[in-house]
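Here is the structure we will look at.
Source: prediction; values computed, not measured. Residue numbers begin at 1 in each chain, while the letters A, B, ... track the order of the sequences.
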Amino acid sequence: MHIGDILNDKCVDTIVSVRGWVYRSRESGRLIFTVIRDSTGIVQVVVEKGVVSSEEFELAKRATIESSIEVEGKCSKEPKAVTGYEIHATKIRIYQIAENFPITKDKSDEFLLDIRHLWLRSREMTAIMKMRDTILDSIRDFMREKDYHEVDPPMFVGGMVEGGSTLFEVPYFGEKAYLTQSSQFYLEAFMFSLESVYTISPSFRAEKSRTRRHVTEFSHYEAEAAWVQNQQMMDLEEELIVFIAQRLLSSNKEELEVVKRDLNKVKAIEKPFYRYRYEKVIDIGRQKGLQLSDMADLGEKEERAITEDFDKPMFVYNFPTQLKPFYHRQDPEDPSHVLNHDLLAPEGYGEVIGGGERIWDKDELISRMKSDNLNPEDYQWYVDLRSYGSVPHSGFGLGVDRLLTWLAGLDHINKAIPFPRTIRRLKP
RNA sequence: GCCGCUGUAGCUUAGUUGGUAGAGCACCCGGCUGUUAACCGGGAGGUCACCGGUUCGAGCCCGGUCAGCGGCGCCA
């Protein structure tokens, strides 16, 4: 029996039994108030001297915070109890008396990261992990509905990546391997058989970034689809984000309240999103007083300034070609720009998606590599994909952790990740 | 990588002009017949990050080291 199941009028006057962990404990003479938590919620248990055996009463007295416990008793409605109902204990069993739990009411973000393995039990983290589960689940439901296939790209990769300074190098039987930064190229390979594919896999970046949106290991949701154009991909993403937000509102209202999220901000995520060309966004930035050159890349500061007053997400499309990596397809009518897009979340959260059309012509791909000073031989298999019935296609990559950070209104990406990895943190 | 800030009990912290290290929470003991991260009384808990210097005397001043945080840069 779970606590969530008994928190309603049907339990009144019935004998219930719950198992869980001691969340709070207070004693007052011949009464002990013990709040128990399990994965579904918390409930107050009253232990009264004389109602339980004196051995059990002493046991309840010694039940420290986080002790594992099982209680049987009569359920009643009680306005004074935290969740409105309480259990009047008749039997108590303790599985383990917990050692002194290090988390008390005074705690800093850093301390909570040091003991994340224990902080995971908190109501906040429990709520965030439930919302994370909802997001992952809704992505899969949505993609299945759209006839996309989930695939598993490799995490160990060879040297085939742009640049190289941001790769994690790992020893591999006398050779060098790297942890993948993105599964995009592999999804493009899958695309030639399954047409529409996606993955939710980790990506690794050895960037020495110290910002509230960067981690070295993140959950990367990437998709790639044949025959799809840039604007159509934006349509799909728009529908997807709205779908996830709606699912979160319907499944996790309680959790959103635990993290004190303003529900109106989530309700505001509706179609259509703003859709502006790159130049238009530069103009918006200038109106907000930012000093931006015509070819300025949008850094974190710019994104925050531009999006903080927006109530809905904003697509920025057709960036200058020189700002984007070689595989982005140039607009045939305006080769100085590529057919790409970023999705910027509102309230200053910034980029959550980057995507666009990929170059599908082999010669075009090779010439773009050369003008970016890359050696096509280093990308042999990626180029080879264009040799056998190449087709127009588009894709995108979404940072799941950034999406959750935004939707839950968190102030730092490391609150959205169970065990965040940053330049300075590898434990626990 | 650069700039800035911080480091005092398990946690959160106060510490005046350089003059005997203080509190709250947690913990232990006692009290309380309805508590809401209760309350009341008592107790224990300190290499003031580390190394060196100045001084009669350093948590405080000076130099260095380390660690953490914030920002910038970097960032398919």
Would you mind classifying the nucleic acid contact of [X] as base, sugar-phosphate or nothing, using non-hydrogen atoms under 4.0 angstrom?
| X | result |
| --- | --- |
| H214(A) | base |
| E48(A) | nothing |
| F33(A) | base |

Query raised in the report: By side chain to side chain donor-acceptor pair (under 3.5 Å), which residues pair with T64(A), not counting sequence neighbours?
Result: S67(A)
**Report entry** Partner residues of D411(A) under the side chain to side chain donor-acceptor pair (under 3.5 Å) criterion, sequence neighbours left out
**Finding:** K415(A)
[X] bridged to [Y] by N-O distance under 4.0 Å:
| X | Y | result |
| --- | --- | --- |
| E238(A) | R275(A) | yes |
| K107(A) | E124(A) | no |
| R358(A) | E224(A) | yes |

Query raised in the report: If you find the nucleotide of RNA chain B closest to S183(A) and the one closest to T422(A), which residue's nucleotide is nearer the 5' end?
Result: T422(A)
Requested in this report: Using the closest heavy atom to pick a nucleotide of RNA chain B for each, name whichever of E351(A) or H412(A) lands nearer the 5' end.
Outcome: H412(A)
Query raised in the report: So which of residues 95-108 of chain A are in contact with RNA chain B, with a heavy-atom cut-off of under 4.0 Å?
Result: N100(A), T104(A), K105(A), D106(A), K107(A), S108(A)
[X] [atom1] to [N] [atom2]: how many Å, rounded?
| X | N | atom1 | atom2 | value |
| --- | --- | --- | --- | --- |
| D109(A) | rU12(B) | CG | P | 10 Å |
| W119(A) | rC11(B) | CH2 | C1' | 12 Å |
| K49(A) | rG34(B) | NZ | C1' | 16 Å |
| Y186(A) | rA76(B) | OH | C1' | 15 Å |
| F111(A) | rC69(B) | CZ | P | 15 Å |
| L118(A) | rA26(B) | CG | C1' | 15 Å |
| I353(A) | rA76(B) | CD1 | P | 17 Å |
| Q181(A) | rC74(B) | CD | P | 16 Å |

**Report entry** Base rC74(B) paired with S209(A) side chain (donor-acceptor, <3.5 Å)
**Finding:** yes
Query raised in the report: So, does the side chain of Q44(A) form a donor-acceptor pair with the base of rU36(B) at under 3.5 Å?
Result: no
Requested in this report: Start with the C-alpha gap between T307(A) and E347(A), add the side-chain angles, then the distance that decides, and say whether side chain to side chain donor-acceptor pair (under 3.5 Å) holds.
Outcome: CA-CA 6 Å; T307(A) 63; E347(A) 303 170 68; over 6 Å; no
Query raised in the report: Using atom C1' of each nucleotide, how far apart are rG18(B) and rC29(B) to the nearest Å?
Result: 40 Å
Report task. Between rA23(B) and rU65(B), how far apart are the P atoms? Round to whole Å, please. Result -> 37 Å
Query raised in the report: Got a sec, which pairs hit salt bridge (Lys or Arg N to Asp or Glu O under 4.0 Å) with one end in residues 30-57 of chain A, sequence neighbours left out?
Result: R37(A)-E66(A)
Identify all pairs in which a protein N or O lies below 3.5 Å from an N or O of nucleotides 39-49 of chain B, and state each distance.
none

Query raised in the report: Under a cut-off of 3.5 Å for both distances of each Watson-Crick or G-U pair, what dot-bracket string does RNA chain B give, using [ ] for crossing pairs and | for inter-strand pairs?
Result: (((((((..((((.....[..)))).(((((.......))))).....(((((..]....))))))))))))....
Query - H337(A) versus E279(A), side-chain donor and acceptor atoms under 3.5 Å - result: yes
Report task. Only one of Y382(A), W360(A), Y327(A) passes side-chain hydrogen bond (donor to acceptor under 3.5 Å, both in side chains) with E188(A); say which it is. Result -> Y382(A)
Query raised in the report: Given rG34(B), rA76(B), rC69(B), which nucleotide is nearest the side-chain atoms of R205(A)?
Result: rA76(B)
Query raised in the report: Counting side-chain heavy atoms from CB outward, which of rG70(B), rU33(B), rG34(B) is closest to R210(A)?
Result: rG70(B)
Query raised in the report: For E70(A), does the CD atom have more than 12 heavy-atom neighbours from other residues, nucleotides or ligands under 6.0 Å away?
Result: yes
Query raised in the report: Out of E195(A), H393(A), Q232(A), which one pairs with W227(A) under the side-chain contact (heavy atoms from CB on, under 4.5 Å) rule?
Result: E195(A)
Query raised in the report: With no hydrogens and no angle check, is any side-chain donor or acceptor of R205(A) less than 3.5 Å from a backbone partner on E217(A)?
Result: no
**Report entry** R402(A) side-chain N/O to R213(A) backbone N/O, donor-acceptor pair under 3.5 Å
**Finding:** yes
